[in-house]
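Here the structure comes first, spelled out in structure tokens, and everything after it is commentary.
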Amino acid sequence: MKSKKIIIALAAFCCALLPAAAEANNAGGHKESSLSYKMAPVYKVMESRDAYVVIYGRYGSKLATAKIPKEWAKYKPDTTRKLTIRSLPPKLNPYITVVKKDGEFHKVILTVPSNKNDTVWGTASNSKVDASGVESIELEN
């Protein structure tokens, strides 16, 4: 009977000691990631010859637009793509994600239906959309 109490006390002591040992291994705390992101719902993606014009929701019931050059989606050997278009999973609404690395623009991810006949997709006039010179995107609040 006495040996059972000793074993139980020893097991309880080990269980109490494990979190302290794990904390000692991570003495610096959690590392903060260099990546951050901001998301917003997408209501319309207007496609032109050289760019996408994305109409997205802001805080409250306001709308904003972002021009995204199609050039950003092309592969270049020495750089990462600035634009990724993902297929929208079932039962989700379209959204845009802007990823920052060390506080600077890194890339934008559009998660939209892959079927361009969907109501989210539309067409913009080629003469009215000028996305040349666009270097980054900031989502407005």
Side-chain angles (χ1 to χ4, degrees), residues 1 3-141:
M1 189 61 124
S3 62
K4 281 186 179 180
K5 288 182 180 179
I6 293 173
I7 291 174
I8 291 173
L10 188 59
F13 178 74
C14 288
C15 288
L17 189 62
L18 283 176
E23 188 65 33
N25 287 339
N26 192 14
H30 298 287
K31 288 188 177 180
E32 189 172 318
S33 175
S34 64
L35 295 175
S36 63
Y37 66 94
K38 192 172 186 181
M39 297 171 58
V42 169
Y43 297 114
K44 198 77 168 169
V45 178
M46 308 293 283
E47 185 176 14
S48 72
R49 181 179 57 240
D50 299 325
Y52 298 104
V53 178
V54 179
I55 301 172
Y56 64 92
R58 293 173 43 196
Y59 183 73
S61 51
K62 298 177 183 174
L63 297 176
T65 60
K67 293 179 186 175
I68 306 171
K70 285 185 174 180
E71 185 74 22
W72 288 4
K74 294 181 181 173
Y75 173 75
K76 295 178 187 165
D78 296 336
T79 60
T80 59
R81 291 183 183 151
K82 286 186 174 183
L83 172 62
T84 302
I85 300 177
R86 292 191 299 196
S87 182
L88 182 69
K91 299 183 181 180
L92 285 181
N93 293 322
Y95 59 94
I96 184 172
T97 307
V98 174
V99 180
K100 291 184 175 187
K101 188 173 188 177
D102 296 322
E104 299 290 323
F105 174 78
H106 181 62
K107 69 190 273 180
V108 61
I109 303 168
L110 268 178
T111 307
V112 291
S114 55
N115 180 2
K116 297 220 175 165
N117 292 327
D118 192 279
T119 58
V120 169
W121 288 96
T123 307
S125 172
N126 290 328
S127 62
K128 299 204 180 211
V129 178
D130 181 24
S132 60
V134 175
E135 295 295 324
S136 67
I137 293 176
E138 293 288 331
L139 294 182
E140 300 175 29
N141 287 334

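These numbers come from the heavy atoms of this one structure, side chains and all, not from hydrogens, waters or symmetry mates.
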I'd like a table of donor-acceptor pairs (distance under 3.5 Å, sequence neighbours excluded) in which one partner is a side-chain atom from residues 87-105, with atom names and distances.
{"residue": "Y95", "atom": "OH", "partner": "R86", "partner atom": "NH2", "Å": "3.1"}
{"residue": "K100", "atom": "NZ", "partner": "E138", "partner atom": "OE1", "Å": "3.0"}
{"residue": "K100", "atom": "NZ", "partner": "E138", "partner atom": "OE2", "Å": "3.4"}

Minimum heavy-atom separation for L63 to G57, with atom names?
CD2-CA, 4.2 Å
CD1 on I137 to NZ on K82, rounded to 0.5 Å:
9.0 Å
Strictly below 4.0 Å, N to O, side chains only: are E140 and K62 in salt-bridge contact?
no
Just wondering, do T84 and K107 contact through their side chains at under 4.5 Å, heavy atoms?
yes
Rounded to the nearest 0.5 Å, what separation is found between the CG atom of L35 and the CD atom of E32?
11.0 Å
Quick one: CE on M39 to CD1 on I109, what's the gap to the nearest 0.5 Å?
9.0 Å
State, yes or no, whether a side-chain contact exists between V45 and V53 at a heavy-atom distance under 4.5 Å.
no
From K116 atom NZ to T123 atom OG1, the distance as rounded to the nearest 0.5 Å
9.5 Å
Do Y43 and V120 come close enough that some side-chain heavy atom pair is under 4.5 Å?
no
S125: partners by side chain to side chain donor-acceptor pair (under 3.5 Å), with sequence neighbours left out
S127
With a 4.5 Å heavy-atom cut-off, do V42 and I55 have their side chains touching?
no
Geometric cation-pi criterion K70 and Y52, 6.0 Å radius, 45° cone
yes
Are any side-chain N or O atoms of K38 and backbone N or O atoms of L139, one a donor and one an acceptor, separated by less than 3.5 Å?
yes
List the steps, then state whether side chain to side chain contact (heavy atoms under 4.5 Å, CB included) holds for T79 with W72.
CA-CA 10 Å; T79 60; W72 288 4; over 6 Å; no
If you compare all heavy atoms of A124 against all heavy atoms of M46, which two are closest, and at what distance to 0.1 Å?
CB-CB, 3.8 Å
Does the side chain of V134 come within less than 4.5 Å of I68's, by heavy atoms?
no
Min side-chain heavy-atom separation W121-V112 under 4.5 Å
yes
One thing to verify: whether K76 and E71 come together as a salt bridge, which I'm taking to mean a side-chain N less than 4.0 angstrom from a carboxylate O.
yes
Looking at CZ of R81 and NE2 of H106, how far apart are the two atoms once the value is rounded to the nearest 0.5 Å?
12.5 Å
